[in-house]
Structures are given as structure tokens and as C-alpha cells.
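Atoms within a ligand are numbered from 1 in the order they appear, just like the ligands themselves.
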Amino acid sequence: MAQIVLTLIVGLAVLTWAASGVVHTTARSWFERDVTSRSRLALTSARHSLVSAWVGDPKILHAQLMDLARDERVMAVELCNADLSVRARTDAFPDDFGCSIVGSRARVGKNGGYVLHEWNAVSALPSGRVYVSVMPLEWEGQELGFVTMLHDMSFIERREAKARNFLLVAFGILAVLAFGVPMFVAKRARSDWSIELRRILRGGAKHKREFHPIVSDVVELAGQMANDREDAPAQWNAERLKQVLNRRLFGEKVIIVSNREPYVHVFTEDGEVEVQHPASGLVTALEPVMRACSGVWVAHGSGSADRATVDRKDHVSVPPGENSYDIRRIWLSEAEEQGYYYVFSNEGLWPLCHIAHASPIFRSADWRQYKAVNQKFADAVCDEADSDDPIILVQDYHFALAPAMIRKRLPAATVIMFWHIPWPNAERMGICPWRDELLTGLLGSSIVGFHTQLHCNNFLDSVDRYLEARLDREENAVVARGHRTLVRPYPISLEWPVRWAETAPSPEECRAQIWREFNLKPDAFLGVGVDRLDYTKGIEERLMAVELLLERHPEYRGRFTFAQVAAPSRTKIDRYRELNEAVEALTERINNRFGHGEYRPIILLREHHEPPDVFRYYRAADLCYVSSLHDGMNLVAKEFVSARSDRKGVLILSEFTGAAKELTEALIVNPYDVETSSEAMATALRMPISEQMDRMRSMRSVLSQFNVYRWAGKMLGDAARLRSQERVTGRLAERSSIGTAV
Ligand code: F6P
């Protein structure tokens with residue numbers, strides 16, 4: 001800026017200098033021409049009287065000369081004889097221009113006449129420059145002499161100086177106007193502009209078109225900076241998540257929708273109401289997030305005492321005694337639960353998404369129920385919203401259609417869909433007769449999240465194969481029907497520290513309790529498995545690995561016990577009942593084969609266990625085997641690590657879980673390979689404590705950083721960036737007003 005101003009000032013100075021030169025030359029030539037013509041006129045009109053008086057009284061000549069000098073520009077007049085002597089002169093005629101000096105200069109030409117009319121001279125007179133005009137005087141062919149007239153030219157200098165000063169002032173004013181006005185206008189514009197920009201960035205709804213490019217750049221940059229801050233190594237915790245929500249989402253209320261509710265109220269046999277924590281990875285992960293964020297969790301009211309514990313609006317405040325958020329319970333008829341939950345979700349989508357060898361069942365009657373229940377939940381979510389643009393976290397495969405349904409009613413909502421299970425490859429997805437509708441439903445989301453990049457890629461490939469949509473591979477986004485959906489990996493995790501680990505007895509105490517309960521010998525080894533009784537968890541393969549361990553390593557017979565905590569799940573489904581029977585039969589076979597006296601190698605605990613109880617098993621065990629045949633993440637693996645504050649114990653982990661990508665210090669196995677898995681158990685049982693501690697320390701450090709607050713913070717951070725981008729580009733406002741259907 002300073003450089004521009006300097007250049008302009010120098011430019012103007014040069015311009016002024018050039019202009020004053022032109023003015024000087026032009027004015028001078030005008031004035032000189034003026035003086036010349038005036039002197040000629042004066043001499044011509046005086047010539048006759050001068051000649052007449054030539055020989056008369058010198059006083060008369062003097063008086064005539066004085067008359068001539070009365071003109072304000074004529075300084076002095078002299079009358080010279082032909083011999084260059086003075087004949088008469090006005091008073092104080094300067095000697096510098098005496099007859100001899102002027103005469104010798106004027107007497108040129110062949111005939112010796114006086115020809116110099118004008119002589120521009122610089123004299124020593126106080127006035128400075130003078131103009132000398134000479135005119136010969138003749139009488140009847142006889143040369144009498146000449147008249148010299150001196151004109152004062154100093155007025156020209158004075159006028160030039162005036163003109164120059166005027167020019168300078170004029171250019172000065174011009175310069176001020178030329179620089180000042182645009183600068184003032186620019187400054188005003190900049191200030192208006194920055195006020196407008198600040199307003200937009202703070203969340204003002206509409207803005208002018210010219211702001212689009214800069215605003216999206218600023219938002220992008222701000223988002224990056226915020227993300228960089230959020231990537232900072234500082235620990236993520238509930239407090240930090242709250243701050244993200246308050247700072248970046250202006251304390252917006254969060255609405256979660258899932259099939260499974262975080263707290264189930266059940267009647268005990270005595271008619272008392274008991275609160276249960278369901279065995280669900282989704283609930284384990286999201287409950288601490290909801291406690292931090294507050295808001296409403298919309299879920300199926302599945303407990304026997306659920307209806308008895310809600311208010312008129314089907315709300316109940318949880319956690320009991322803490323009341324940080326509300327559950328809004330949705331009631332389903334038996335037919336709805338059957339079609340939507342048991343069949344379409346768990347006999348259709350569940351086997352479709354898991355490579356676990358069960359044929360998916362797809363029937364149109366169940367699909368109709370699935371659609372109707374999705375609409376029911378979507379409506380409840382919209383009813384719970386207290387603004388046009390709420391933040392809604394839709395959870396899992398039970399609600400693939402809900403995002404588009406919500407978007408239809410609340411076009412400006414930020415809908416984040418998190419798919420907790422794997423997404424199959426495009427070819428396998430093609431099995432589902434309603435794949436297009438499922439994909440379209442999901443694309444009503446602002447963001448679709450999976451645990452891994454592989455599942456994001458599978459999803460994008462499915463969209464590519466089955467829908468008319470534009471894929472932005474660079475950004476991992478899909479644009480369909482004018483709506484953009486980001487597809488992102490967000491590996492889910494646990495709160496850190498896990499509250500159950502905080503309140504559980506010490507590992508030594510847990511070990512002592514379990515040893516007593518199972519009547520184990522002091523030198524016994526304990527392995528644990530904790531799952532819902534689900535065929536994707538590889539429970540049969542796990543038990544077979546235990547069997548092979550005892551077969552190949554007789555030293556562990558009588559010493560190694562494997563406790564399988566198996567929460568009954570989806571028991572109305574044949575495949576789950578079959579599994580239950582298969583696991584029971586396998587347990588019996590192994591126990592018959594290797595058990596003796598009180599020793600039973602497999603202890604099958606087939607009932608619901610509350611988290612504090614589960615944590616006792618984790619803390620007591622020498623190893624934990626997670627053998628999922630296919631799993632989005634598997635939080636049991638993470639829970640086991642979180643429970644081991646003593647850094648002891650070994651995790652054996654299926655390579656087909658999302659968790660295996662993060663917990664790399666576990667013994668990673670292929671659960672189908674029963675021989676290798678059983679050897680991994682033997683390795684675990686022999687592993688020196690120092691190595692166990694090294695591995696555990698490293699895994700615990702990963703979990704402490706990559707905890708569920710970070711998971712939620714990342715998703716909400718991306719949502720916040722999306723919201724501000726949409727606000728500044730006007731899309732949010734447009735959507736609210738035109739109600740774009742997806
Ligand atoms: O984590 C996968 C998951 O399917 C969750 O989505 C679900 O809540 C959980 O397992 C338990 O299943 P269900 O809710 O059917 O008992």
C-alpha cells in the first residue's frame with residue numbers, strides 16, 4: 001500500500017513539473033508577444049511627434065518621452081542620435097542600455113539602419129528581466145537616430161510563479177481527491193465487508209453472492225484450524241466434547257436415535273423395577289457421549305417396566321439419579337418388532353453385512369414393516385427437535401431409511417448416520433432387493449460414518465454401482481439429487497477412563513473373587529470371552545480352539561478354564577437358537593472330554609451380566625479371546641484393555657474386527673484357523689508378565705487417546721464445519737425455505 005502511494009506521489013510530482021514547464025513556455029511566449037505588439041504600437045504612434053520635436057526644445061522631447069513611459073509596463077525611454085549620443089531620455093534611464101550599447105547592437109544590416117526591434121535582455125536592474133525595443137527615426141530619407149524603449153518583464157515571472165503555484169495547489173487537491181476518495185471508499189467497503197463476514201462466520205443465515213468464494217475459503221481454513229486444534233495430543237474427555245458442542249455447535253441439542261435403548265426398565269419377580277444396561281456396543285459407546293452432550297435419545301422401549309416409568313410424553317430422565325438426558329421411548333407392536341427388528345434387520349441386513357455364512361432373508365412384508373417403523377422413529381425424532389436445523393445422530397442398520405425421512409421434514413437438519421456393523425462389498429449388497437432404497441435413505445444424511453475406510457469404500461462402490469449419483473472420490477462424498485453426503489471413517493471407542501473400571505474392585509480382588517466362585521486352584525489360568533450369543537462372534541470356533549489347546553498341551557488340562565459370558569440375544573430367531581444349542585453342545589463335549597472331578601474347562605454363563613460383573617471377569621482373567629468372524633469394531637476387546645489397570649493379561653483378537661486395526665499389540669489371529677488360535681492361547685499363557693505389561697501399556701495408551709469423546713468430537717466437528725459451510729453458502733437457509741426433498 002505504502003509503495004502504491006509513493007509511486008502515485010512521485011508520478012504526480014513529475015506530472016506537475018512537466019505541466020509547469022509547459023505553462024511557463026506558453027505563458028512567456030504569450031506575454032512577450034503582448035509586450036512586443038504594445039511597444040510597436042506605442043512607438044509607431046509616437047514616431048511623428050518625436051520627429052517633429054527632434055530639432056526643437058529638448059524639454060518638449062523629454063516630456064514626450066515621459067508620456068511614452070506612462071504605460072505601466074514601460075520602464076524608460078531614450079532618444080539617441082545617429083552618432084549614438086543621447087538626445088533625450090526619461091528620468092533614471094539605466095546606463096546598461098545607453099545609446100552606444102543599444103546602438104552598436106541594433107546597427108546591423110547592409111544600409112547601416114537600425115533593425116533591432118526586440119531584444120530580450122537580462123539586466124542588472126532591480127526588476128530583473130527587461131525587454132528592449134528599438135525603432136529607427138528618419139526624416140525625409142535622413143537618418144536621425146533611434147528610440148530605445150525598456151519594458152519591465154518581471155511581471156511575467158510574477159505571473160508564472162502565480163500560475164505555477166496555482167498548478168501546484170490544483171494538482172495537490174487533485175492528488176488528495178485521487179488517493180483520498182478511493183481510499184476512503186475502500187476503507188468503508190472493507191469495514192462493511194469485514195462486519196458482514198464476521199456476521200456470516202458467527203452464523204448469520206444469508207449473505208451476498210460476492211461473499212461465496214472468500215467465505216468458503218475462510219470457513220475451510222477455520223475448519224482446518226479447529227480440526228488441527230482438535231487433533232492436538234491433549235486428552236479428549238467429556239469436558240472437551242462439551243466445549244466442542246458449545247463452541248462449534250452453539251450448544252445445540254443432540255438427538256440420538258437407535259433401536260436399543262441405553263437403560264431398560266424391567267420388573268423383577270418381586271414386582272420391583274430394576275434398571276438394566278443392555279449388552280450393546282452401540283450403547284456402551286454412545287451413552288457416555290449423551291451424558292456429556294445432553295439432549296434426547298429416541299429408542300425402542302423394550303423393557304417390561306418401560307411403559308410404567310415414562311411420563312406423558314414417553315420420556316424418562318436418565319441415568320437414574322443423574323438425569324443428564326432423556327430417553328424418548330417408542331412403542332412397537334409385536335408385528336412391527338417381528339418384521340422390522342427380527343426379520344428385516346437381523347435376518348436380512350445383519351447377515352447381509354457380516355461375512356458369517358448365514359443366508360439373508362428378504363421378504364416384502366418385513367420390508368414394509370421396516371419402512372413403517374423407520375417412519376415412526378423419524379417422526380418421533382422430528383417431534384423432539386426444537387429447531388429447524390437440529391443435530392441428529394442416527395444409529396445403525398435398523399434405520400437406513402430414517403435419514404431421508406428426517407430430511408424430508410427437516411431439510412436443514414444435520415443428520416449423522418453411524419453404521420455400527422460392516423458394509424459389504426457392492427456385489428454382496430446387490431443381494432438385497434431394496435438396496436437402492438436403502439442407499440437412497442442413507443444418502444439423506446449429511447455424514448455417513450463407518451468404523452473403517454474399507455467399509456466407506458464398499459459403501460461408495462455400492463452407491464456407484466446402484467444409484468444415479470456423483471461420487472467425489474477426492475472428498476469421499478456423494479452428491480445425489482442435489483444433496484451432498486460425506487462418507488467418513490470414525491473408529492468407535494470407549495469412554496476413558498471407563499467408569500466401570502473406575503468403580504470395580506482391584507484386579508487382585510476380582511481375581512480372588514472369581515477364583516473363589518469357580519473354585520479354581522491357586523495355579524489355575526483363566527481365559528474369558530464376553531459376547532452376545534451371536535453367530536458372528538465366532539463362539540464355536542473359540543471353544544474349539546480351547547479344546548485343541550487342551551488336546552495339544554496336556555499341561556493345561558485341569559489348570560486352564562475358559563469362562564464364556566454369553567448374553568442371550570435375538571432369541572426368537574432360529575439361527576440364534578441353533579447357535580445357543582450348538583454352543584451348549586460344544587461346551588458339554590469339551591467338558592466331558594477334559595473335565596474331571598470339579599474341573600470343567602468351559603464355564604458357560606448364559607445370562608445377562610451387568611457391566612460391573614463383566615469387568616470382574618476381565619480383571620481376573622489371564623487372557624481374553626475375541627474371535628469374531630466379522631465385526632465392525634468390537635468393543636469387548638477395548639473393554640478388556642480398559643479394565644486392566646494392572647497392565648496384565650493378554651488379548652487375543654480376530655483379524656476380522658475393526659479393533660484389530662488399532663490394538664496391534666494384541667495377538668492377532670484368524671479365528672477360522674483353530675490350530676493357530678489355540679497356539680495363540682498357549683503363547684498368551686506362557687507370556688512373561690513384562691511382555692504382557694508392555695503390550696497392555698501400548699494398547700491402553702491408544703485407547704486413552706482414541707476414546708469415544710474423540711470419536712464423537714470428530715463427527716460433531718465435521719458436522720459443525722458442514723453446518724457453517726452450508727450457512728455461508730446459503731444452502732442451509734435455502735433448504736429450510738424450499739424444503740428440498742431427498
Ligand atoms: O454393535 C452392533 C450391534 O448390532 C448394535 O448395533 C446393537 O445394539 C448390538 O449389536 C446388540 O444387538 P441388539 O440390539 O439386537 O441386541
Hydrogens and angles aside, do S569 and D534 bring a side-chain donor and acceptor to less than 3.5 Å of each other?
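No, no side-chain donor-acceptor pair sits under 3.5 Å.
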
Do we see a donor-acceptor contact under 3.5 Å between the side chains of Y342 and D366?
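D366 and Y342 do not have a side-chain donor-acceptor pair below 3.5 Å.
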
At less than 4.0 angstrom from any non-hydrogen atom of Y397, what atoms of ligand 1 do you find?
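Answer, ordered by atom number: 4 (O).
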
Which ligand 1 atoms, with their elements, are less than 4.0 angstrom from a heavy-atom of W350?
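The list of qualifying atoms is 4 (O).
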
[X] N/O under 3.5 Å from ligand 1 N/O:
X: N346; value: no
X: R260; value: yes
X: H398; value: no

Less than 4.0 Å between a side-chain N and a carboxylate O, is that true for K572 and E337?
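K572 and E337: not salt-bridged.
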
Can the positive tip of R329 be found less than 6.0 Å from the middle of the six-membered ring of W297, inside 45° of the ring normal?
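Because its charged atom misses either the 6.0 Å distance or the 45° angle limit, R329 does not stack over W297.
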
Ring-face cation contact, F562 with R542, 6.0 Å cut, 45° max:
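No.
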
For atom 3 (C) of ligand 1, which of D396, D534, L282, I573 has the closest heavy atom?
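Of the listed residues, D396 has the closest heavy atom.
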
Closest heavy-atom pair and its distance - N476, R488:
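Smallest interatomic distance, heavy atoms only, reads O-NH1, 3.3 Å.
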
Mode of R532 contact toward ligand 1 - side chain, backbone, both, neither (heavy atoms, under 4.0 Å)
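Under 4.0 Å from ligand 1, R532 contributes side-chain atoms alone.
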
